[in-house]
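The structure under discussion appears below in the form of structure tokens.
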Amino acid sequence: MKGTRVVIVDDEVPIRESLRLFNWGSYGYELAGEARHGQEALELCGRVQPGIVVTDIVMPVMDGLRLTNLLKEQQSDVQIILLTCHSEFDYARQALALGACEYLLKGTYREEDLLAALNKARDRIPAQRLEEAEREECAEELNKRYEIRHAESYIMEHLGTQIDLPAVAAHVGLSANYFGLLFRKETGVSFQDYIKRKRLEKAAHLLLHSPMKVYEVAAESGFPNYRHFSDVFCHQYGRSPREYRGGYGHG
């Protein structure tokens with residue numbers, strides 16, 4: 001039994017190959033085709049009439065914004081999921097305003113994120129078109145989530161440095177106070193608790209999977225004070241860093 005038809009659009013071969021490997025059928029979807037750019041996708045969608053289109057934003061010949069606009073004019077209930085990079089956020093905002101229903105950050109989304117986006121899109125087929133106010137509210141919520149995901153990616157890239165809330169807020173273009181409140185609302189924890197948790201997770205991973213000395217692991221994970229690192233690590237994991245590493249023989 002065939003499921004909801006999906007078309008994928010991206011000019012990068014590795015991205016299309018990765019999406020092709022997704023187990024579409026087991027989740028009730030049918031991969032109906034793929035295209036390298038918007039013009040190719042428009043012609044393909046005219047033939048296969050997909051319910052969902054997963055598309056890149058920046059592409060040659062015809063970009064994802066133009067494609068989204070034209071698809072929505074031709075079939076208002078087709079659902080668009082964006083594939084986007086951090087640098088393309090302004091384009092993503094425009095696509096959301098045009099009616100795209102979800103986005104995924106290239107290189108960071110997991111299979112469960114793709115499935116959640118697909119399920120959300122499918123739930124809206126055939127959904128009544130949102131009123132303008134509802135659409136703006138939906139786009140704003142997506143914007144907030146995008147900003148937090150952007151912040152999370154930035155944090156992960158800079159765990160070994162002394163990053164703070166104002167710096168991350170400035171990076172995503174928000175005031176420190178607003179960002180702090182938004183971050184807690186979206187992640188369920190404070191900014192400082194999130195940083196500490198991610199640093200400890202990184203330290204635990206390095207202890208088990210790298211030959212680095214324990215003090216090197218501490219510094220690499222953003223703990224310049226070894227004694228403080230040891231105390232915090234022990235409180236979190238119930239063992240000292242050396243005990244946690246156990247029989248791996250490094251340290």
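Ser221 contributes atom OG, which lies 11.0 Å from atom CD of Glu201 (distance to the nearest 0.5 angstrom). Atom-to-atom distance recorded for Ile80:CD1 and Leu65:CG is 11.5 Å, nearest 0.5 angstrom. Rounding to the nearest 0.5 angstrom, the gap separating the OG atom in Ser18 from the CG atom in Leu114 is 8.5 Å.
The shortest side-chain heavy-atom distance between Glu12 and Glu17 does not fall under the 4.5 Å cut-off. Inter-residue side-chain proximity for Val217 and Arg245 is flagged as met; some heavy-atom pair is nearer than 4.5 Å. Proximity of Thr187 to Glu152: side-chain heavy atoms (C-beta onward) are separated by under 4.5 Å at one or more points. When side chains are defined from C-beta on, Asp56 does not count as touching Ile15, because their heavy atoms never get closer than 4.5 Å. Counting heavy atoms from C-beta on, the side chains of Leu83 and Thr55 never come closer than 4.5 Å. Contact annotation: the side chain of Tyr103 never approaches that of Ile81 to less than 4.5 Å [non-hydrogen atoms, C-beta and beyond]. A heavy-atom distance below 4.5 Å is not found between the side chains of Val9 and Val54. Between Phe183 and Ile155 there is a side-chain heavy-atom pair separated by less than 4.5 Å.
One hydrophobic cluster, built from ILVMFWY side chains closer than 4.5 Å, holds both Leu208 and Leu206. Under the 4.5 Å side-chain heavy-atom criterion for grouping Ile, Leu, Val, Met, Phe, Trp and Tyr, Val53 is connected to Val48 within one hydrophobic cluster. A continuous path of ILVMFWY side-chain contacts below 4.5 Å connects Leu104 to Leu115, so both sit in one hydrophobic cluster.
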key: Glu147/Lys144 under salt bridge (Lys or Arg N to Asp or Glu O under 4.0 Å): CA gap, chis, key distance, verdict   = CA-CA 5 Å; Glu147 288 159 350; Lys144 289 177 182 178; over 6 Å; no
request  = Go through the steps for Glu30 and Thr4 under the test side-chain contact (heavy atoms from CB on, under 4.5 Å), then give the verdict.
outcome  = CA-CA 6 Å; Glu30 175 196 354; Thr4 303; over 6 Å; no
request  = For Gln162 and Asp164, run side-chain hydrogen bond (donor to acceptor under 3.5 Å, both in side chains): C-alpha distance rounded to whole Å, both residues' side-chain angles, the deciding distance at 0.1 Å, then the answer.
outcome  = CA-CA 7 Å; Gln162 295 308 300; Asp164 57 21; over 6 Å; no
inquiry  = Between Asp10 and Lys106, is the salt bridge (Lys or Arg N to Asp or Glu O under 4.0 Å) condition met? List the steps.
reply    = CA-CA 11 Å; Asp10 201 298; Lys106 281 188 174 183; 3.1 Å; yes
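In this model, no donor atom of one side chain and acceptor atom of the other lie less than 3.5 Å apart for Gln79 and Asp77. Tyr29 and Arg122 are linked by a side-chain donor-acceptor pair at a separation below 3.5 angstrom, with hydrogens and angles left out of the test.
Put simply, the side chain of Glu40 never gets that close to the backbone of His37: no donor and acceptor are under 3.5 Å apart. Judged by distance alone, with hydrogens and angles left aside, the side-chain atoms of Asp113 form a donor-acceptor pair with the main-chain N or O of Arg110 at under 3.5 Å. A donor-acceptor pair is defined here as one N or O able to donate and one able to accept, closer than 3.5 Å; no such pair exists between the side chain of Gln75 and the backbone of Lys72.
Among all heavy-atom pairs drawn from Ala121 and Ile52, the shortest one is CB-CD1, 3.8 Å. Of all non-hydrogen atoms in Ala151 and Val168, the two that sit nearest each other are CB-CG1, 3.8 Å. Closest approach of Cys101 and Arg124 over heavy atoms only: CB-NH1, 3.0 Å. Residues Pro166 and Ala176 approach most closely at CA-CB, 4.3 Å, considering heavy atoms.
Tyr154 and His171 have parallel rings, their planes meeting at less than 30° on a 0 to 90° scale where 60° marks the start of perpendicular. Between Phe229 and Tyr226, the angle of the ring planes lies from 30° to 60°, which puts this pair in the tilted group. Taking the six-membered ring where the residue is Trp, Tyr244 and Phe233 present perpendicular rings, their angle passing 60° and hence far from 30°.
For Lys196, the NZ atom counts as loosely surrounded, since its 6.0 Å shell holds 12 or fewer non-hydrogen atoms of other residues, nucleotides or ligands. Within a 6.0 Å radius of CZ in Arg66, no more than 12 heavy atoms belonging to other residues, nucleotides or ligands are found.
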